[in-house]
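Worksheet for the structure shown next.
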Amino acid sequence: MIGARLRELRLNRNLTLEQVANETGLSMSFLSMLERDKVSISVDNLQKLAGFYGVRMVHFFQGIEEAQVAVTRRSQVEERLASAQEGRSAFLLLANRTDARMEPLLVRIPGGHGDPHFRTHEGDTLLYVLEGEIQLISERGEEISLSAGDAAYYFGFPGRRIQNASPVVPALILLVTNPPTSMRDDILDAQRGIVLQTEE
C-alpha cells in the first residue's frame, strides 16, 4: 500500500525516480523497490518522503475500510513483530480509524535499544510494560524504571523517550495516546503491517 501511494504521489507531480532520489538522498534502486513494495522502509526515511511530497504520514494509510470493532489476533501480532530487523524497534498500530480518539500501539524494543528522540505530544499517554524492563527518560533528565506489569500515565510534554533497560532481552510495551499523534508519523496500520524505527 505504501508503495502504491508513493508512486501515485510521484507520478502526480511528474517526477522521475532520479529527481526524487536527488532531492531526498535515497537511492533510485531503493525507491524503485519501495514503490513495488519489495522492501520495507524506516520511519526516518518515510518521514523524509512525506516531507518531500508535502503530505502527512497519515496520507499513506488512509482509505482503509473501517469496521465497528477492530480485532488484531495474536498470530498477526507475532508475525508482524517477528518481521522486525535486528536492532530496530517495531510499532504495531492495533486500531486504525480516521475518527479515532486514541491511538493504541504495541511496541517491541530490542535489547540495548530505544527511541533516539524525545517525543512530545499534545495529550495524555498511558504506557504499560507487557514484557521486559524499560527506562522512561524525560528531556529534563528524569528517569523512571518500569518492569513487566508496571504502568505510567503522563502528559506528552516535556518530551520523553523510551529505552530498553536490558542490553539483551527485548521489551514489549503497550502505548496509548490521547488524542492520536497523527499516526505517530512513524507507524503503519494493523491491517497492513509495521514500520520500523531507525536508531542511527
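Just so we're clear, the structure is a prediction, and the values are computed from it rather than from any experiment. Numbering of residues begins at 1 and proceeds along the displayed sequence.
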Sub-4.5 Å side-chain heavy-atom contact between [X] and [Y]:
X    : Y    : result
D44  : L46  : no
L174 : L105 : no
L92  : V77  : yes
S42  : R88  : yes
I144 : E142 : yes

Inter-residue atom distance [X].[atom1] - [Y].[atom2], 0.5 Å rounding:
X    : Y    : atom1 : atom2 : result
I134 : I173 : CD1   : CD1   : 5.0 Å
I41  : K48  : CD1   : NZ    : 9.5 Å
L172 : R108 : CG    : CZ    : 8.0 Å
H113 : S89  : NE2   : OG    : 8.0 Å
T125 : F157 : OG1   : CZ    : 13.5 Å
N12  : Y53  : CG    : OH    : 10.0 Å

D115 and R119 ion-paired at < 4.0 Å: yes
Residue pair L126, Y154: steps toward the side chain to side chain contact (heavy atoms under 4.5 Å, CB included) verdict: CA-CA 7 Å; L126 172 66; Y154 55 91; over 6 Å; no
Steps toward side chain to side chain contact (heavy atoms under 4.5 Å, CB included) verdict (L146, Y128): CA-CA 9 Å; L146 299 168; Y128 183 77; over 6 Å; no
For the student: nearest non-hydrogen atoms of L130 and A148, plus distance: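 Where L130 meets A148 most closely, the heavy atoms are O-CB, 3.8 Å.
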Contact summary for L17 and S32, nearest pair of heavy atoms: CD1-CB, 3.8 Å
ILVMFWY network linking L11 to M33, side-chain heavy atoms under 4.5 angstrom: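 No.
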Residues which pass side-chain hydrogen bond (donor to acceptor under 3.5 Å, both in side chains) with S27, listed by chain and number, not counting sequence neighbours: S29
side-chain hydrogen bond (donor to acceptor under 3.5 Å, both in side chains) partners for D150, two or more places apart: none
Contacts of [X] that satisfy side-chain contact (heavy atoms from CB on, under 4.5 Å) - sequence neighbours left out:
X    : value
A21  : M28, L31
Q163 : Q135, I137, R161
D124 : Y153, F155

With distance as the sole test, does [X] use its side chain to make a donor-acceptor pair with the main-chain N or O of [Y] at under 3.5 Å?
X    : Y    : result
R160 : P158 : yes
E103 : V176 : no
Q76  : R73  : yes

Working for side chain to side chain contact (heavy atoms under 4.5 Å, CB included), residues L6 and L34: CA-CA 8 Å; L6 287 168; L34 184 61; 3.4 Å; yes
L49 and its side-chain contact (heavy atoms from CB on, under 4.5 Å) partner, picked from T24, I2, V55: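 Only one of T24, I2, V55 forms a side-chain contact (heavy atoms from CB on, under 4.5 Å) with L49, namely T24.
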Qualifying salt bridge (Lys or Arg N to Asp or Glu O under 4.0 Å) pairs with a residue from residues 7-36, counting only residues at least two apart or across chains: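 Applying salt bridge (Lys or Arg N to Asp or Glu O under 4.0 Å) to every pair that reaches into residues 7-36, excluding sequence neighbours, yields R7-E35, R10-E35.
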Residue Q19 excluded, over 12 heavy atoms near CD under 6.0 Å: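 Yes, enclosed.
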